[in-house]
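Here's the structure we're looking at; comments come further down.
Numbers for residues simply follow the sequence, beginning at 1.
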Amino acid sequence: MSTRYPFTAVVGMDDLRLALLLNAVSPAVGGVLVRGEKGTAKSTAVRALAELLPEVPVVAGCRFSCDPASPDPGCPDGPHGDAPGTARAARMVELPVGASEDRLVGSLDIEKALAEGVKAFEPGLLAAAHRGILYVDEVNLLSDHLIDHLLDAAAMGASHVEREGVSVRHAARFLLVGTMNPEEGELRPQLLDRFGLTVEVAASRDPEQRVEVVRRRLAFEDDPAAFAARWAGEEAALRERIVAARALLPQVALGDAVLLQIAATCAAFEVDGMRADIVMARTATALAAWAGRTEVTSEDVRQAALLALPHRRRRSPFDAPGLDEDKLDETLEQFKGDAPDDDPEPDGPGDGGPGGGGGGVPPQGEGPDGPAPESADVPESAPAPAPQGSGAGAGERAAVKAGEPFRTKVLSVPGLGEGAAGRRSRARTEHGRTTGSTRPRGALTKLHLAATVQAAAPHQRARGRSGPGLVVRRDDLRQATREGREGNLVLFAVDASGSMAARQRMSAVKGAVLSLLLDAYQRRDKVGLVTFRGRDAEVALPPTSSVDAAAARLEKLPTGGRTPLSAGLLKAHDVLRVERLRDPSRRPLLVVVTDGRATGGGADPVALAARAARLHAADGTASVVVDCETGPVRLGLAGTLARELGGTAVTLDELRADSIAGLVRDVQADNAIRRAA
């Protein structure tokens with residue numbers, strides 16, 4: 001068994017360590033979501049927590065970790081009766097982003113169930129995580145159908161496997177811990193709300209602290225066992241403190257004055273539902289127990305709010321999570337009442353309040369390696385200059401604010417794809433409406449019952465059937481084919497030339513693109529952003545699942561110069577060519593936002609633009625041109641460009657959901673005509 005990095009050897013990240021420890025004290029807090037840039041030891045800290053958890057009493061031989069004191073009466077391995085109990089280490093089960101549904105919830109042998117009436121069930125990761133930790137690295141990249149199962153299990157404390165009338169249920173209560181890099185996309189709101197606490201982590205800017213991180217990591221990699229042995233004393237002390245806090249937790253009093261502060265805080269920040277109030281109450285109680293107290297204070301409520309509310313406050317999808325601490329302090333002071341505000345420190349070694357030193361974790365670097373470097377105040381770096389394209393110059397204008405977003409018509413790719421699950425275009429998926437059946441190529445996952453019975457029926461006499469049961473063979477089984485929706489790669493090619501800046505059009509254009517980005521966020525698309533102005537084009541954002549990153553780049557986009565339309569289309573073509581190699585199953589949708597004028601890029605810019613557009617048409621790329629031309633006299637150049645692309649053109653007004661009725665049909669019809677030709 002590999003040696004894990006010790007929890008107490010983690011440098012810095014006080015909020016993260018505190019949030020994890022509070023969940024170790026009180027699993028009812030509901031887990032932790034860790035947000036941060038890559039390379040910040042998020043996974044290291046989470047994996048180290050498992051070593052600190054107390055042992056779990058289980059029924060001997062039970063695959064579902066039933067508690068011998070109160071075994072699950074519906075356990076598939078039960079009934080347990082007076083089965084002997086044993087103890088084992090708490091488990092941390094990792095859910096891979098690419099896991100199958102059967103791997104998560106378990107698999108049922110449909111063939112045995114039909115032919116023999118036997119429920120042959122193989123438990124999945126939800127069963128293994130029961131009464132332990134379920135850890136999801138890159139949780140924001142998890143497929144929608146897996147998220148649905150996680151939500152169900154988290155809400156009900158149980159997992160249900162249903163296959164054609166055959167049902168298996170088992171308990172599944174676990175501590176959900178997820179890590180994510182926000183640059184790669186956000187979480188669905190429903191799953192985000194299921195995490196009790198959230199923590200933002202970032203690499204320290206203090207050189208001495210960074211040196212200490214490197215020193216410890218190198219020492220661990222040179223000799224993991226020796227490094228862990230050096231921190232064994234601190235680990236044991238922290239483990240004992242968790243046990244003591246768990247024992248103290250039932251004695252902690254949560255007074256009415258403190259409850260009023262919690263309710264007032266949640267109301268002030270306009271969080272949805274009541275889960276935030278409950279999580280704050282549990283977190284504040286755990287903070288008091290962790291500090292060795294039996295009474296919750298106002299400071300506990302404040303710390304609980306900082307951990308439980310940032311990801312729950314009402315916001316648009318492109319707003320970063322956060323909390324106004326001045327507003328929080330004002331609310332707590334206004335509703336202070338008789339709530340205790342003192343925060344006495346308990347006696348004993350290793351004690352400390354929930355704030356500095358990671359809430360009682362040995363102070364920064366204190367331990368076998370000696371005193372720690374203190375965090376230094378590092379001045380904020382100067383803001384980066386605005387991005388300069390190759391055509392930047394005297395004609396460049398400052399970035400303008402985007403107009404108000406609106407609900408757009410659905411743009412989709414015609415045909416039937418097989419890409420990642422999403423909500424945009426039609427596709428063959430594992431989930432959706434059943435459209436037919438086929439012979440299974442591998443393991444059977446979705447049985448088409450009628451087709452299976454139809455295939456087996458003609459052979460019953462030859463197989464010697466004598467009773468009411470149907471004799472089913474492997475060759476009779478039929479896999480259901482289903483149709484659902486897929487996510488696409490929506491690549492925006494945005495004209496940022498001087499002609500687009502005229503008459504304040506750019507604000508409306510940015511508002512339209514922001515609206516399409518909001519639509520892409522809701523439909524689980526990948527997005528990319530190409531801009532063109534001056535003499536060239538650039539990839540402002542390579543294809544990513546983070547639509548908020550695209551929105552941020554769009555907001556800072558300056559305008560000015562000529563219109564190198566051909567360069568923009570060629571750059572978009574290069575991006576799509578590379579993405580087809582990386583992810584061939586994800587179909588692209590090109591959205592060109594321009595007035596259609598080509599005034600730069602060569603001796604005959606109009607002909608060059610037409611030639612570049614025909615490259616996309618030859619590749620079969622579905623495309624839409626958002627026509628930004630305004631004024632009483634219109635040249636119709638965007639419509640000409642759309643015809644060269646083999647797509648369709650819509651005006652900014654027509655892009656609104658309540659403006660026209662047939663936009664999707666027009667896109668599909670135009671592309672169908674182009675393919676037929």
Closer than 3.5 angstrom, by distance alone: can the side chain of Arg205 be matched with the main-chain N or O of Ala203 as a donor-acceptor pair? yes
Once rounded to the nearest 0.5 Å, what's the spacing between atom CZ of Arg312 and atom CG of Asp277? 9.5 Å
Non-neighbouring partners of Leu248 that pass side-chain contact (heavy atoms from CB on, under 4.5 Å), sequence neighbours left out: Gln251, Thr294
Using the rule side-chain hydrogen bond (donor to acceptor under 3.5 Å, both in side chains), only one of His130, Arg88, Arg131 pairs with Ser65; which is it? Arg88
Side-chain touch Leu516/Phe492, heavy atoms, less than 4.5 angstrom: yes
Might you work through the side chain to side chain contact (heavy atoms under 4.5 Å, CB included) test for Asp137 and Ser43, ending with a clear yes or no? CA-CA 7 Å; Asp137 193 14; Ser43 299; 3.6 Å; yes
Looking only at heavy atoms, the pair that brings Ala305 and Thr265 closest together is CB-CG2, 4.2 Å
Decide yes or no for Ser298 and Val258: does some side-chain heavy atom of the first lie under 4.5 Å from some side-chain heavy atom of the second? no
Would you say the side chain of Leu126 lies within less than 4.5 Å of the side chain of Leu150, judging by non-hydrogen atoms? yes
N/O donor-acceptor pair under 3.5 Å between Thr40 side chain and Gly36 backbone: no
Residues at least two apart in sequence or cross-chain that pass side-chain contact (heavy atoms from CB on, under 4.5 Å) with Ala41, listed by chain then number, are Met13, Thr44
Heavy-atom side-chain contact between Trp231 and Arg216 under 4.5 Å: yes
Applying salt bridge (Lys or Arg N to Asp or Glu O under 4.0 Å) to Arg246 and not counting sequence neighbours gives none
Whether the side chain of Arg524 engages the backbone of Gly487 through a donor-acceptor N/O pair (distance < 3.5 Å, no angle test) should be reported. no
Glu295 and Val252: side chain to side chain contact (heavy atoms under 4.5 Å, CB included), yes or no, with the steps? CA-CA 5 Å; Glu295 190 174 12; Val252 176; over 6 Å; no
So, for Ala540 and Thr531, which heavy atoms are closest and what is the spacing to 0.1 Å? CB-CG2, 4.1 Å
Checking Glu234 against Thr8: is there a side-chain donor and acceptor pair closer than 3.5 Å? no
Measure the spacing between CG of Leu191 and CG of Leu146 and express it to the nearest 0.5 Å. 11.0 Å
Would you please name every residue forming a side chain to side chain donor-acceptor pair (under 3.5 Å) with Asp519, sequence neighbours left out? Arg424, Arg523
Quick one: closest heavy-atom pair of Val539 and Pro542, and the distance? CG1-N, 3.7 Å
Where the side chain of Arg210 meets the backbone of Ser204, is there a donor-acceptor pair that is under 3.5 Å apart? yes
Going from OG on Ser26 to CG on Leu287, what distance comes out if it is rounded to the nearest 0.5 angstrom? 10.0 Å
Sorted by chain and residue number, the side chain to side chain donor-acceptor pair (under 3.5 Å) partners of Arg103 (sequence neighbours excluded) come out as none
What residues, two or more places apart in sequence or in another chain, satisfy salt bridge (Lys or Arg N to Asp or Glu O under 4.0 Å) together with Glu325? Arg302
Under 3.5 Å donor-acceptor, Asp15 side chain and Val199 backbone: no
What's the spacing between Arg293 CZ and Thr285 OG1 if we round to 0.5 Å? 10.5 Å
Which pair of non-hydrogen atoms, one from Leu529 and one from Ala550, has the smallest distance, and what is that distance? CD2-O, 4.2 Å
Would you indicate whether the side-chain heavy atoms of Val139 and Val177 approach each other to under 4.5 Å? no
Check whether any side-chain heavy atom of Asp300 sits under 4.5 Å from a side-chain heavy atom of Thr283, and report yes or no. no
For Glu579, salt bridge (Lys or Arg N to Asp or Glu O under 4.0 Å) partners two or more places apart: Lys526, Arg582
Does the cation-pi check pass for Lys571 over Phe532, that is, NZ or CZ under 6.0 Å from the six-membered ring centre and within 45° of its axis? no
Tell me, please, which residues at least two apart from Asp583 pass side-chain contact (heavy atoms from CB on, under 4.5 Å). Ser585, Arg586
Taking atom CZ of Arg35 and atom CZ of Phe195, what is their separation to the nearest 0.5 Å? 11.5 Å
Check whether Asp525 reaches the backbone of Val527 with its side chain - one donor and one acceptor, N or O, closer than 3.5 Å. no
With a 4.5 Å limit on heavy-atom distance, are the side chains of Val201 and Lys42 in contact? yes
Side chain to side chain contact (heavy atoms under 4.5 Å, CB included) assessment of Glu51 paired with Phe7: CA-CA 8 Å; Glu51 299 295 324; Phe7 189 88; over 6 Å; no
Any side-chain heavy-atom pair of Arg275 and Val279 under 4.5 Å: yes
What residues form a side chain to side chain donor-acceptor pair (under 3.5 Å) with Arg239, not counting sequence neighbours? none
Report yes or no: does Gln261 contribute a side-chain atom to a donor-acceptor pair with the main-chain N or O of Leu332 at less than 3.5 Å? yes
Who are the salt bridge (Lys or Arg N to Asp or Glu O under 4.0 Å) partners of Asp148, not counting sequence neighbours? Arg188
Determine the minimum heavy-atom distance between Val530 and Ala537, stating which atoms define it. CG1-CB, 4.5 Å
Short question: side chain of Asn488, backbone of Val490 - any donor-acceptor pair under 3.5 Å? no
Sequence neighbours excluded, the answer for side-chain contact (heavy atoms from CB on, under 4.5 Å) partners of Ser515 is Pro405, Phe406, Thr408
Side chain to side chain donor-acceptor pair (under 3.5 Å) with Arg217: which residues, sequence neighbours excluded? Glu221
For the student: nearest non-hydrogen atoms of Leu142 and Pro96, plus distance: CD1-O, 4.1 Å
Start with the C-alpha distance between Arg17 and Asp14, add both sets of side-chain angles, then the distance that settles side chain to side chain contact (heavy atoms under 4.5 Å, CB included), and finish with yes or no. CA-CA 5 Å; Arg17 294 191 292 168; Asp14 294 345; 3.0 Å; yes
Working to the nearest 0.5 angstrom, can you tell me the gap between Thr179 OG1 and Asn140 CG? 8.5 Å
